[in-house]
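Just so it is clear, the model here is predicted, and its values are computed rather than measured. Here is the naming used below: chain letters follow the sequence lines, and residue numbers restart at 1 for every chain. Any value given below was found using the heavy atoms of this structure, including those in side chains, with hydrogens, waters and symmetry copies removed.
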There are 2 protein chains.
Amino acid sequence: MGQTAEKTRARLRAASEAVRGELPLGRILDGDCIEAMRTIPDASVDMIFADPPYNLQLGGDLSRPDGSHVDAVTDHWDQFDSFAAYDKFSREWLTEARRVLRPNGSLWVIGSYHNIFRLGAMLQDMGFWILNDVVWRKANPMPNFKGTRFTNAHETLIWCSMGEKAKYTFNYRAMKTLNDELQMRSDWVLPICGGQERLKKGGHKVHPTQKPEALLYRVMLATTNKGDVVLDPFFGTGTTGAVAKRLGREWIGCERESLYREAALERIELALPLDESAVTTMQSPRAATRVAFGALVETGWIAPGTVISDKKRKVQATVRADGSLVCGADSGSIHGLGAKLQGAPSCNGWSYWHVEHEGEIKPLDAIRQLYLLATED
Amino acid sequence: MGQTAEKTRARLRAASEAVRGELPLGRILDGDCIEAMRTIPDASVDMIFADPPYNLQLGGDLSRPDGSHVDAVTDHWDQFDSFAAYDKFSREWLTEARRVLRPNGSLWVIGSYHNIFRLGAMLQDMGFWILNDVVWRKANPMPNFKGTRFTNAHETLIWCSMGEKAKYTFNYRAMKTLNDELQMRSDWVLPICGGQERLKKGGHKVHPTQKPEALLYRVMLATTNKGDVVLDPFFGTGTTGAVAKRLGREWIGCERESLYREAALERIELALPLDESAVTTMQSPRAATRVAFGALVETGWIAPGTVISDKKRKVQATVRADGSLVCGADSGSIHGLGAKLQGAPSCNGWSYWHVEHEGEIKPLDAIRQLYLLATED
DNA sequence: GGCGACTGTGAATCGTTGT
DNA sequence: TACAACGATTCACAGTCGC
């Protein structure tokens with residue numbers, strides 16, 4: 001690594017720490033979320049989770065997102081007027097969200113069919129890059145009492161990065177582990193928020209649309225790292241904050257209703273952080289110790305001259321002293337030669353090549369695991 | 001009832017019959033769907049099902065972990081220069097769709113996150129009234145081969161009427177019957193189209209995105225009546241036509257690729273009108289519930305940090321945030337770590353691991369049962 | 001015929017790092 | 001910034017073949 005790159009990285013790290021010092025970590029900013037977000041520095045948060053109001057078209061009285069009243073006229077013009085107001089509000093908070101997100105940060109938005117399509121189209125128009133739409137399939141939704149439509153049994157989340165080429169955090173291995181060794185899918189079955197978890201005051205629910213902690217838990221575990229800063233512009237009763245605390249993430253909230261702020265602070269105070277070991281998640285092999293194939297050769301786990309083959313033993317190659325392989329006139333690394341022999345653009349030599357070991361034919365990766373176990377610490 | 005109203009109704013019925021005579025029922029209109037729809041009279045069809053191009057914007061080639069190639073949708077009809085071009089195209093065909101729909105008709109659109117948000121926002125802007133968004137949860141989606149995102153395991157349908165006050169057809173009772181006497185929900189679990197149903201020619205699929213008949217079956221049974229006219233502007237290989245025939249609905253298609261038109265006509269010719277068995281072969285969403293260990297962790301049934309053990313409490317492990325276990329230097333899923341610690345090739349973690357619960361030591365499976373009871377519909 | 005092993009495939013915005 | 005090297009990564013079905 002060049003000295004210049006090293007210095008650049010160090011400077012960025014220092015700048016990042018300086019910005020972090022300015023952040024209102026663990027605080028709920030009072031007031032309108034757009035105004036509140038304006039006090040947060042550029043490119044300073046790692047993830048935003050937003051559960052914006054969807055108070056649209058609910059029949060009866062209609063109010064704009066800014067709180068002003070819309071006449072209960074339901075002609076086409078008025079619909080347009082109300083959509084336009086909602087779009088304006090959405091564009092404003094999304095603009096601030098985009099400004100405060102780091103280049104490698106990501107944004108989650110949750111909504112229902114009333115608003116999610118407008119939000120999704122707007123995200124695309126603003127340059128966000130949709131990574132997945134995720135369906136929260138409610139295990140116990142409210143039935144459709146009138147029997148006039150399908151039971152509205154899900155909500156939609158959109159997860160997006162800052163742009164097509166932007167990087168983002170995705171803890172693939174942790175998600176796979178969480179889902180019993182199967183890839184996590186885009187449809188999540190989770191119960192709605194109720195029971196002990198549902199905040200109540202005087203027998204009434206404090207917030208009409210409190211989200212279950214399990215939902216935020218999965219979002220945060222999937223797309224942030226320990227210590228990351230998570231911002232929730234529509235904090236409500238603080239589900240995001242409570243889960244962030246439990247998972248060792250930093251949080252910032254925006255909320256204009258004092259009732260919600262108070263309930264949230266009390267709740268987060270009571271939330272117990274997990275200890276270090278519990279927050280640790282399964283790492284991808286990439287993040288774990290890297291082993292060069294050559295290391296197995298020079299330490300004697302695989303002797304030079306060993307003949308290795310593909311699983312069906314149709315293709316064979318010989319290991320050379322420097323860890324390269326040779327097969328007829330062809331030679332190369334375990335990956336390169338594997339790709340060449342298959343005529344494939346790429347190949348993972350660790351899983352393609354096999355070797356006899358204790359009477360069985362095993363992939364190289366198995367030998368690598370043994371090597372890792374033996375040389376650990 | 002007034003005589004005038006009676007006369008008005010009779011006149012409308014006669015007009016309706018006259019219009020029906022002009023309709024190209026049971027025919028596939030050749031050419032661009034916008035041009036083709038222009039030949040259809042105003043207010044003459046009862047339901048439109050549209051499966052437009054998704055504008056996937058795919059990058060380079062994609063290969064599977066085993067090196068084989070993924071046969072992606074690279075057809076010219078899915079290529080658009082920009083979101084603006086896609087929007088223009090969408091607005092044009094939706095304008096024609098709105099014109100030919102009867103006042104009490106309804107429209108279905110299916111899409112993925114690439115296009116569905118744009119379509120949904122456009123529908124709202126045009127005055128359509130969204131009745132439900134419906135999620136088709138694929139039982140067997142293609143995995144995410146590179147481990148970079150959540151498995152894209154669903155597509156979204158939007159069902160809308162002509163306006164907020166417009167009437168529409170919804171066969172509530174039929175849906176409830178189809179769903180084991182439970183209200184039909186907005187999430188439908190159905191397999192993708194494959195096996196005998198998938199049209200093939202020379203060993204290759206005729207159409208890259210053929211929809212399963214079960215999907216159209218449910219759409220049509222829910223939102224049309226027998227004898228209604230159903231229009232599909234993106235007819236493809238005619239799933240809509242085949243299901244319409246089976247269910248005793250009239251159909252009209254638009255399709256510009258002659259290869260698809262020919263396959264569709266042949267297929268619809270072979271389709272049999274509905275027999276009773278077709279109803280009973282529909283999938284029930286009450287399939288066996290699968291629970292991942294991670295689900296118990298994120299919903300709080302088992303807290304991260306909990307120490308679990310084998311039945312004799314000789315081996316202990318700690319639960320981490322992602323549902324993995326850690327025991328000394330070893331870690332893994334409940335199944336994997338259990339196997340590793342026993343030196344066994346495999347292990348059922350649900351029965352191997354135990355946890356203290358209400359003073360007793362119980363297998364994880366007991367907690368899973370409690371979870372299932374609590375979250376059951 | 002039955003069962004298990006093996007193969008093929010589906011609307012997919014599918015990599016990272018160092019030179 | 002382009003290029004090359006490294007190396008990480010798949011689930012549910014359906015169909016076929018062989019024992």
Distance check needed: C:dA12 P versus A:Glu164 CD, whole Å only. 18 Å

Say we look at C:dG1 and D:dG18: how far apart would their C1' atoms be, to the nearest angstrom? 13 Å

Under a 3.5 Å cutoff on both atom distances, Watson-Crick or G-U, what's the dot-bracket for DNA chain C ([ ] crossing, | other strand)? .|||||||||....|||||

Nearest-Å distance for atom pair CE/P, residues A:Met184 and D:dC11: 12 Å

Report yes if at least one side-chain N or O of B:Thr148 is closer than 4.0 Å to OP1 or OP2 of C:dG15; otherwise report no. no

Does B:Arg64 make a side-chain donor-acceptor contact with the base of C:dG8, cut-off 3.5 Å? no

Classify the nucleic acid contact of B:Thr151 as base, sugar-phosphate or nothing, counting any heavy atom under 4.0 Å across all strands shown. nothing

Distance test, side-chain N/O of B:Lys205 to OP1/OP2 of C:dG10, below 4.0 Å: yes

Using the ring of each side chain (for Trp, its six-membered ring), is B:Trp108 parallel, tilted or perpendicular to B:Trp159, with breaks at 30° and 60°? parallel

Could you check how far CD of B:Gln79 sits from P of C:dT13, rounded to whole Å? 15 Å

When we call it a touch if two heavy atoms are under 4.0 Å apart, what does B:Ser112 touch: a base, just sugar-phosphate, or nothing? nothing

I need the CZ-P distance between B:Arg137 and D:dC11, as an integer number of Å. 17 Å

Just do the salt bridge (charged side-chain N to carboxylate O under 4.0 Å, His left out) check on B:Glu92 and B:Lys88 with the steps written out, would you? CA-CA 6 Å; B:Glu92 284 176 9; B:Lys88 177 171 182 291; 3.1 Å; yes

Considering every strand and a 4.0 Å limit on heavy-atom distances, what is the contact class for B:Ala139: base, sugar-phosphate, or nothing? sugar-phosphate

B:His76 atom NE2, over 12 foreign heavy atoms within 6.0 Å: yes

Rounded to whole angstrom, note down the C1' distance from C:dT13 over to D:dC13. 26 Å

Do A:Asp228 and A:Thr223 make a side-chain contact, defined as non-hydrogen atoms from C-beta onward lying under 4.5 Å apart? no

What nucleotide, of D:dA12, C:dT13, C:dC14, holds the atom closest to the side chain of A:Leu182? D:dA12

OP1 or OP2 of C:dA12 less than 4.0 angstrom from a side-chain nitrogen or oxygen of B:Asn144, does that happen here? no

Apply side-chain contact (heavy atoms from CB on, under 4.5 Å) to B:Ser112 and list each qualifying residue two or more places apart in sequence or on a separate chain. B:Tyr54, B:Leu56, B:His114, B:Asn115

For the pair made of CG in A:Asn179 and P in D:dT10, what is the distance, rounded to whole Å? 13 Å

If you assign each of B:Lys146 and B:Asp78 to its closest nucleotide in DNA chain C, which residue comes earlier from the 5' end? B:Asp78

How about B:Thr239 and B:Gln210: do any of their side-chain heavy atoms sit closer than 4.5 Å? yes

Short side-chain N/O contact to D:dT10 OP1/OP2 from A:Tyr172, under 4.0 Å: yes

Short of 4.0 Å, heavy atom to strand atom, which residues of residues 193-203 of chain B count as contacting DNA chain D? B:Gly195, B:Gln196

Of the options C:dA12, C:dA11, D:dC13, whose atoms approach the side-chain atoms of B:Tyr54 most closely? C:dA11

Distances for protein N/O vs nucleotides 1-7 of chain C N/O pairs under 3.5 angstrom?
{"residue": "C:dT7", "atom": "OP1", "partner": "A:Lys312", "partner atom": "NZ", "Å": "3.0"}

Worked verdict on B:Asp322 versus A:Arg173 for salt bridge (charged side-chain N to carboxylate O under 4.0 Å, His left out): CA-CA 9 Å; B:Asp322 62 352; A:Arg173 205 65 200 73; over 6 Å; no

Testing C:dA11, C:dG10, D:dC13 for proximity to the side chain of B:Glu155, the answer is C:dA11

Could you tell me whether the phosphate oxygens of C:dT13, OP1 or OP2, come under 4.0 Å of any side-chain nitrogen or oxygen in B:Tyr113? yes

What do you reckon, do A:Trp129 and the base of C:dT13 stack, with centroid distance below 5.5 Å and planes below 30°? yes

D:dA8, OP1 or OP2 - any side-chain N/O from A:Arg368 closer than 4.0 Å? yes

Can you tell me which nucleotide in C:dC14, C:dA11, C:dA12 comes closest to the side chain of B:Asn152? C:dA12

Residue set satisfying side-chain contact (heavy atoms from CB on, under 4.5 Å) with B:His207, at least two apart, ordered chain then number -> B:Trp77, B:Thr209, B:Thr237, B:Tyr260

As a test of the definition: with a 90° window around 0 for syn, would you call D:dT16 syn or anti? anti

If you assign each of B:Asp66 and A:His335 to its closest nucleotide in DNA chain D, which residue comes earlier from the 5' end? A:His335

Rounded to whole angstrom units, what separation is found between the CZ atom of A:Phe170 and the P atom of D:dA8? 18 Å

I want to confirm an ordering. Mapping B:Met142 and A:Gly349 to their closest nucleotides on DNA chain D, which one lands closer to the 5' end? A:Gly349

Could you list the residues that satisfy side-chain contact (heavy atoms from CB on, under 4.5 Å) with A:Cys327, not counting sequence neighbours? A:Ala317, A:Leu337, A:Leu341

Close side-chain approach of B:Glu255 and B:Asp232, heavy atoms under 4.5 Å: no

Could B:Arg137 and B:Trp188 be counted as a cation-pi pair, given that NZ or CZ must be under 6.0 Å from the ring centre and within 45° of the axis? no

Within the structure shown, what part of the strands sits under 4.0 Å from A:Asp365 by heavy-atom distance: base, sugar-phosphate, or nothing? nothing

Minimum side-chain heavy-atom gap B:His69-B:Asp61 below 4.5 Å: yes

Are the side chains of A:His335 and A:Trp350 in contact, using a 4.5 Å heavy-atom criterion? yes

Find the distance A:Gln183:CD to D:dA12:C1' and express it as a whole number of Å. 12 Å

Taking 4.0 Å as the cut-off, does a side-chain nitrogen or oxygen of B:Lys211 come that near to OP1 or OP2 on C:dA11? no

Could you state the atom-to-atom distance from NE2 of B:His69 to P of C:dA12 in whole Å? 12 Å

Are A:Gln183 and A:Tyr172 packed together at the side-chain level, in the sense that at least one heavy-atom pair is separated by less than 4.5 angstrom? yes

Pick base, sugar-phosphate or nothing for B:Pro52, based on heavy-atom distances below 4.0 Å to the nucleic acid. base

